Protein chains: 2
Amino acid sequence: MPPRSSSRKPPVPPIPTAAEVDILAVLWRLGPATVREVHEALGKDSGYTTTLKQMQLMLDKGLLARTERFRSHVYESRVPKDQMQQRIAGDLLRRVFEGSAKELVMGALGAQPASAEELADIRHMIDAFDKKKRGSK
Amino acid sequence: MPPRSSSRKPPVPPIPTAAEVDILAVLWRLGPATVREVHEALGKDSGYTTTLKQMQLMLDKGLLARTERFRSHVYESRVPKDQMQQRIAGDLLRRVFEGSAKELVMGALGAQPASAEELADIRHMIDAFDKKKRGSK
DNA sequence: GTATGTCAACGATAAAACTCCTAGGAGGCA
DNA sequence: TGCCTCCTAGGAGTTTTATCGTTGACATAC
């Protein structure tokens with residue numbers, strides 16, 4: 001019979017909840033890390049086992065992957081950062097901004113003004129997208 | 001003594017949950033509307049009273065405002081669309097994209113490619129932000 | 001009048017997310 | 001060996017969200 005088990009890993013994991021996103025963000029920043037490391041990095045005042053349990057559930061949901069290392073477990077994001085960020089941004093885009101990327105950018109820049117360098121970067125990125133669009137169509 | 005009551009309205013309402021965002025989006029689109037109208041617009045297959053209850057709770061949280069109209073109630077977003085979008089985008093920016101607007105834009109455009117016109121719009125917006133920045137600093 | 005329909009309010013339940021307590025295994029060390 | 005520390009796993013409790021059944025108010029149709 002097929003393996004067994006309580007830990008199923010959906011091919012495409014769900015959009016993470018707020019708390020889960022925080023954990024993912026830490027893992028993206030640190031790279032593969034133990035529960036302890038993540039817990040410290042979070043800096044929240046909830047208990048260690050809370051973080052542990054959350055990460056175990058995220059494992060079940062297919063959000064995290066886990067490898068054994070010596071005495072403890074090492075977790076990492078199961079879907080690459082870019083891809084997950086894209087999904088989250090896309091989800092928000094559709095639901096909150098009626099699919100208008102312009103409004104999303106407006107909201108983001110309004111909330112937290114970017115530096116001149118970053119603005120330039122963004123401009124370049126837009127150009128690249130534009131070029132690709134014209135090229136392919 | 002101060003009024004009383006179960007419906008307190010925090011000066012600054014919380015970031016809405018996913019389901020709440022959907023309701024807000026409908027109200028932004030329709031303008032002030034009744035529960036019935038919102039419920040239809042949502043197109044979900046959950047019951048009418050579910051939507052009703054959700055909107056009542058959102059009222060308590062200060063997310064919605066309500067006025068009496070003849071026999072029914074008319075709800076609307078208590079914070080203006082732009083402002084709430086800004087808060088949501090800002091929250092996302094900080095938590096998911098480490099404050100990098102560039103990455104957010106990248107994610108959004110990657111998830112749902114924008115039209116050439118929209119790209120141009122965004123570019124103009126960036127220019128405006130850039131100008132404002134240089135001007136004030 | 002009674003029947004029918006719509007709506008808000010209340011309350012109950014269900015489901016999901018978050019929290020923490022406890023037990024038990026394994027290593028380090030006096 | 002016995003004690004201490006760190007780790008995981010398994011419940012279980014709490015809180016928050018989501019869902020819906022029922023009721024009573026009020027209006028209109030019959």
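Reminder, nothing fancy here: chain letters follow the sequence lines and each chain counts from 1. Just so it is clear, the model here is predicted, and its values are computed rather than measured.
Remark: the backbone N or O of Glu118(B) is paired with a side-chain donor or acceptor of Ser115(B) at under 3.5 angstrom.
The side chain of Lys53(A) has dG10(D) as its nearest neighbour among dG10(D), dA8(C), dA18(D). Counting only heavy atoms from C-beta on, Thr49(A) has its side chain closest to dC20(C) among dA18(D), dC20(C), dC20(D). Between dT8(D), dA8(C), dC20(C), one nucleotide has an atom nearer to the side chain of Leu52(B) than all others, and that is dA8(C).
OP1 or OP2 of dT17(D) sits under 4.0 Å from a side-chain N or O of Lys61(B). OP1 or OP2 of dC18(C) lies within a sub-4.0 Å distance of a side-chain N or O belonging to Thr17(A). Considering only side-chain N and O atoms, Arg66(B) lies nowhere under 4.0 angstrom from the phosphate OP1 or OP2 of dC7(C). Between Tyr48(A) and dT8(D) there is a side-chain polar atom (N or O) within less than 4.0 angstrom of OP1 or OP2. At the phosphate of dA18(D), neither OP1 nor OP2 sits under 4.0 Å from any side-chain N or O atom of Thr50(B). Between Gln56(B) and dA8(C) there is no side-chain N or O to OP1 or OP2 distance below 4.0 Å.
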#### Entry: Reading 5' to 3' through nucleotides 25-30 of chain D, protein heavy-atom contacts under 4.0 Å coded B for base, S for sugar-phosphate only, - for none
BBS---
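Salt bridge Lys44(B)/Asp22(B): absent, no basic N to carboxylate O contact under 4.0 Å. A salt bridge links Lys61(B) to Glu20(B): one of the charged nitrogens lies within less than 4.0 Å of a carboxylate oxygen. Look at Glu117(A) and Lys102(B) and you find no salt bridge, because none of the NZ, NE, NH1 or NH2 atoms lies under 4.0 Å from a carboxylate O.
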